[in-house]
Amino acid sequence: MQQQPQQTPQNQQGYMPQPPRVMTGKDHLYVTDMMDWNLLAAKKCSYFAKQCKDQQVKAAIEQAAQMHARHYDQILQHLQSHLGDQIQNQNMTQ
């Protein structure tokens, strides 16, 4: 009689209670894109709000600009608080 090998899913990953404190190259590109998109959206909204004559539409566009600026700031603050040590360590070794 032959023993059959135990079958386990190859893509099975363990539970991770917190994200790793390491940022991969792909993570860096994604975060950079998120920041770029939010900054561009905030700038475009501000520009178009200034062009708008209807006060209700202008107020809605200004709110959108503030939201995108807030998201940009939140991402930046998160990076500074959680990855600042890692960035400083990398700069010291270069």
Side-chain angles (χ1 to χ4, degrees):
M1 245 191 236
Q2 283 185 333
Q3 278 187 330
Q4 292 183 345
Q6 290 182 337
Q7 294 180 349
T8 58
Q10 291 178 352
N11 294 336
Q12 184 178 6
Q13 296 177 349
Y15 173 72
M16 187 181 300
Q18 291 183 345
R21 294 190 58 85
V22 176
M23 182 180 268
T24 66
K26 188 173 184 177
D27 294 334
H28 182 266
L29 291 173
Y30 180 70
V31 170
T32 301
D33 284 347
M34 279 194 311
M35 292 182 76
D36 288 344
W37 296 330
N38 278 291
L39 185 59
L40 181 61
K43 287 179 177 181
K44 284 185 174 185
C45 287
S46 293
Y47 172 79
F48 287 115
K50 290 176 186 174
Q51 308 301 316
C52 204
K53 303 284 186 235
D54 185 322
Q55 293 303 312
Q56 285 183 320
V57 174
K58 182 176 184 168
I61 296 172
E62 286 172 342
Q63 276 186 317
Q66 291 170 0
M67 176 195 68
H68 287 294
R70 189 173 55 251
H71 289 172
Y72 178 88
D73 289 337
Q74 288 172 338
I75 295 167
L76 185 60
Q77 287 173 5
H78 180 77
L79 289 174
Q80 289 172 338
S81 66
H82 294 292
L83 299 174
D85 293 339
Q86 182 181 356
I87 292 168
Q88 285 176 352
N89 290 339
Q90 286 179 353
N91 289 338
M92 292 173 66
T93 59
Q94 291 179 355

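Just so we're clear, the structure is a prediction, and the values are computed from it rather than from any experiment. The residues of the chain are indexed from 1 along the displayed sequence.
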Below 4.5 Å, heavy atoms only, C-beta onward: do Y30 and K26 meet side chain to side chain?
no
Hey, what do you get for CE (M67) to CD (Q63), rounding to the nearest 0.5 Å?
9.5 Å
Quick check for you: to the nearest 0.5 Å, what is the distance between W37 atom CH2 and T32 atom OG1?
10.5 Å
Would you say Q51 has more than 12 foreign heavy atoms packed within less than 6.0 Å of its CD?
yes
Taking all non-hydrogen atoms of both residues into account, name the closest pair between I61 and C45 and its distance.
CG2-O, 3.0 Å
Considering only heavy atoms from C-beta outward, does the side chain of L39 approach that of M35 to under 4.5 Å?
no
To the nearest 0.5 angstrom, please state how far the CG atom of D33 sits from the CG atom of L40.
11.5 Å
If you look at every heavy atom in A42 and A69, which pair is closest and at what distance?
CB-N, 3.9 Å
Supply the atom-to-atom distance H28 NE2 to L79 CG, rounded to the nearest 0.5 angstrom.
8.5 Å
Of H71, R70, K43, the residue whose pairing with N38 passes side chain to side chain contact (heavy atoms under 4.5 Å, CB included):
H71
